[in-house]
Amino acid sequence: MVIKHVQEILNDDWIGKDVELRGWIYRKRRTGKLIFVVLRDSTDIVQCVVEKKVVGNEKFKELDKVGVESSIKISGTVAKEERAPTGYEIHVKDVEIVGPSFNFPISKDKSDEFLLDNRHLWVRSREMNAILKIRSTIFGALHDFFRENGYYETQGPMFVTGAVEGGSTLFEVPYFNRKAYLTQSSQFYLETLIFSLEKVYTVAPSFRAEKSRTRRHLTEYWHAEAEAAWYHNSDMIDDEEEMIVQIVQKVLQDRKKELKILNRDTKMLEHIEKPFERMKYEKLVDFANEHGVPMKYGDDLGADEESAITKNFDKPVFITHYPIEIKPFYHRPDPENPKVVLCHDMLAPEGYGEVIGGGERIYMLDVLLKRLEEENLNPEDYYWYVDLRKYGSVPHAGFGLGVDRLVWWIAGLEHIKYAIPYPRTIRRVKP
RNA sequence: GCCGCCGUAGCUUAGUAGGCUGGAGCGGCCGGCUGUUAACCGGCAGGUCCCAGGUUCGAAUCCUGGCGGCGGCGCCA
């Protein structure tokens, strides 16, 4: 008997043929001498009809006894059946219970807290299954983009000794007899590596001890970062635009079924093509005020501003040329207007907001030293970063992308905690 | 750092101007049913009302503190 996945046999070619399926009991209903088992595997679900007179008294009783999520092997004949959830059903000839399950804790009523406590079991749900597949596709498409565009994959350390960005809060960890921190960005390390590889990227966790309690924050999140020698701000934006379009296309192509399971309205995703709007911060202030969000020059974008702005676009938007005061020290001041820096944030549409932050880095030694001084930072703490500007510096640019945020937006999720298998937030470090 | 909300059975909850035995649905167990769709019908079991202290004749209900959790702001990706 041929072993198949559910998805493979859900078509007319299989009608009347015998198959063996392996999976888990998703639903079970008994009516007299019949048991309807909805079998789930990684690919899909299918209804299986078990008759007492076919499988025998003993097997029937055994199957009747076990609960949902028991793992089973069943063999039988495929039939078309309008009444079955996925249009086909299996007339079971034999069933084997591999790992029984009794009183599976997750039933129809579910609170957020309960599902998070039982995340190790909830990952089996159809929704989580769909999200995890979309997430896998997104990670794959990210790697494809970088590799097809001349970026080398590399890695920075997770244990570090200092902050990359002034403001962010670091997790302190004991490191033998001194202190170390968990990295919040690999950017500076990537900058060192462009002098060897020119174009580099990494996909790694970043850690932020910010006490943020919002639908778009995790304390541990997956950070895709890239850095490229000889790139200016707009070159980097070009790459990001292409990257986002490719990822969205890939998901639309490969994950139709999953997007449907999640009730994702894909119309918004289908619009996404180049070019994206590129708006200077200065223009954005006017735009915000015209759209009922009071904002004055020098204000950073808050959640209200972000969502109000992105609701007016059906594609991602790049905001560029922020005032120098509201961005970290390493951004390169615009030679034509030193009050702003050559940076960009990409805001996802539909109110999702910031997904990418990036820009051109300062490459002149004197400019960097001046900026460190203005920000009251000690150049000695950044000696290796400063060194890069002493030995054959080149213009370069880079970005950081919150991959979980990308999943959150593309899958159209309510909260970022649904975008990652095991979310880490200020209040949750288990399971 | 700031603001708001929640904690009652395995799960989801009703009950809080203090008052008799804290109700229900789902799940579980027992029985029934040959086409179910989160099946249905009958029966049964199941409670530290988050914890500690206080007010009171009397607390799930009011007060104080603690623990656990959820959401939002700020900050960020």
Side-chain angles (χ1 to χ4, degrees), chain A residues 26-38 45 47-54 60 64-65 67-68 79 81-87 89 91 102-118 121-122 125-126 163-169 184-187 203-225 240 299-307 326-328 344-348 352-358 399-409 414-417 419-420 425-430:
Chain A
Y26 180 68
R27 297 272 187 274
K28 199 175 65 137
R29 293 177 282 273
R30 197 194 124 189
T31 160
K33 296 176 177 96
L34 282 180
I35 297 174
F36 294 91
V37 172
V38 180
I45 60 172
Q47 176 166 289
C48 307
V49 189
V50 183
E51 290 188 66
K52 196 181 219 170
K53 64 178 186 221
V54 176
F60 191 84
D64 190 31
K65 220 171 57 190
V68 294
E81 175 54 70
E82 291 299 326
R83 291 170 290 184
T86 42
E89 69 181 16
H91 293 140
F102 298 100
N103 302 328
F104 190 68
I106 300 171
S107 57
K108 76 168 183 179
D109 296 310
K110 50 199 197 243
S111 66
D112 235 29
E113 184 181 352
F114 184 76
L115 291 180
L116 285 166
D117 285 341
N118 290 282
L121 302 174
W122 181 238
S125 68
R126 269 193 122 193
V164 169
E165 316 209 354
S168 302
T169 328
Q184 50 174 211
S185 165
S186 297
Q187 178 194 325
V203 180
S206 279
F207 305 89
R208 305 234 168 141
E210 289 152 4
K211 294 179 178 170
S212 308
R213 306 187 50 82
T214 77
R215 68 184 67 218
R216 61 190 182 285
H217 282 89
L218 296 167
T219 54
E220 175 185 319
Y221 69 96
W222 283 80
H223 207 177
E225 294 177 277
E240 290 164 35
D299 287 350
D300 206 348
L301 273 69
D304 287 351
E305 288 83 1
E306 266 193 14
S307 75
I326 60 174
K327 285 288 172 183
H344 61 270
D345 284 353
M346 192 194 83
L347 309 182
Y352 281 94
E354 188 176 354
V355 168
I356 296 178
F399 71 88
L401 169 137
V403 190
D404 317 281
R405 284 193 179 174
L406 194 60
V407 175
W408 173 55
W409 159 49
E414 189 67 32
H415 195 293
I416 198 165
K417 69 190 172 194
I420 181 167
T425 61
I426 175 171
R427 289 283 195 185
R428 186 167 289 278
V429 279
K430 67 163 193 182

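Every chain is numbered from 1, with letters handed out A, B, ... down the list of sequences. Small disclaimer: the values here were computed from a predicted structure and weren't measured.
- Base pairing annotation: B/C73 forms a Watson-Crick or G-U wobble pair with B/G1, both donor-acceptor distances under 3.5 Å.
- Among the nucleotides B/G35, B/C76, B/C70, the one closest to the side chain of A/H91 is B/G35.
- Residue side chain A/S212 does not reach the base of B/C76 through any donor-acceptor N/O pair under 3.5 Å, judged by distance alone.
- Under 3.5 Å, the side chain of A/E89 and the base of B/G35 form at least one donor-acceptor pair of N or O atoms.
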Open item on the list: Would A/R216 and A/D404 count as a salt bridge (Lys or Arg N to Asp or Glu O under 4.0 Å) here? Give the steps.
Closed with: CA-CA 9 Å; A/R216 61 190 182 285; A/D404 317 281; over 6 Å; no

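- Residue-level contact check: A/G353 touches neither bases nor backbone, having no heavy atom under 4.0 Å from any strand.
- Judged purely by atom type and a 3.5 angstrom limit, A/R405 uses its side chain to pair as donor or acceptor with the backbone of A/E354.
- Projected onto RNA chain B by closest heavy-atom contact, A/G357 and A/P85 fall at different nucleotides, the more 5' of which corresponds to A/P85.
- Of the side-chain N and O atoms in A/K211, none sit less than 4.0 angstrom from OP1 or OP2 of B/C3.
- Judged by closest nucleotide on RNA chain B, A/R428 is the one of A/R216 and A/R428 placed further toward the 5' end.
- Between the P atom of B/C67 and the CG atom of A/D117 lies a distance of 18 Å, rounded to the nearest Å.
- Nearest nucleotide to the A/R83 side chain, out of B/C70, B/C76, B/G35: B/G35.
- In this structure, A/I356 atom CD1 and B/C76 atom P are separated by 17 Å, rounded to whole Å.
- Nearest to the side chain of A/E81, among B/C73, B/G35, B/G71, sits B/G35.
- Centre separation under 5.5 Å together with a plane angle under 30° holds for the ring of A/Y221 and the six-membered base ring of B/A77, marking them as stacked.
- Contact record, A/I45 with A/P85: CD1-CB, 4.5 Å, taken as the closest heavy-atom pair.
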TODO: Please assess A/K33 against A/E51 for the test salt bridge (Lys or Arg N to Asp or Glu O under 4.0 Å), listing each intermediate value before the final yes or no.
DONE: CA-CA 6 Å; A/K33 296 176 177 96; A/E51 290 188 66; over 6 Å; no

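- Residue contacts for A/D404: at a heavy-atom cut-off of 4.0 Å it reaches no nucleic acid atom on any strand shown.
- The phosphate of B/U36 (OP1 or OP2) has no side-chain N or O of A/R27 nearer than 4.0 angstrom.
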Between N or O atoms, less than 3.5 Å apart, protein on one side and nucleotides 9-13 of chain B on the other: list the pairs.
{"unit_1": "B/C11", "atom_1": "O2'", "unit_2": "A/D109", "atom_2": "O", "d": "2.7"}
{"unit_1": "B/U12", "atom_1": "OP1", "unit_2": "A/S111", "atom_2": "N", "d": "3.4"}
{"unit_1": "B/U12", "atom_1": "OP1", "unit_2": "A/S111", "atom_2": "OG", "d": "2.2"}

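- Among the atoms of the strands shown, none is found under 4.0 Å from any heavy atom of A/L406.
- When both distances must be under 3.5 Å, the Watson-Crick or G-U wobble mate of B/C33 does not exist.
- For the OP1/OP2 pair of B/C75 and a distance below 4.0 Å, the side-chain nitrogens and oxygens of A/H217 include no atom meeting the criterion.
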Extract from the structure each pairing of a protein N or O with an N or O of nucleotides 30-34 of chain B at less than 3.5 Å, listing the distance.
{"unit_1": "B/C33", "atom_1": "N3", "unit_2": "A/G32", "atom_2": "N", "d": "3.2"}
{"unit_1": "B/C33", "atom_1": "N4", "unit_2": "A/R30", "atom_2": "NE", "d": "3.1"}
{"unit_1": "B/C33", "atom_1": "N4", "unit_2": "A/R30", "atom_2": "NH2", "d": "3.1"}

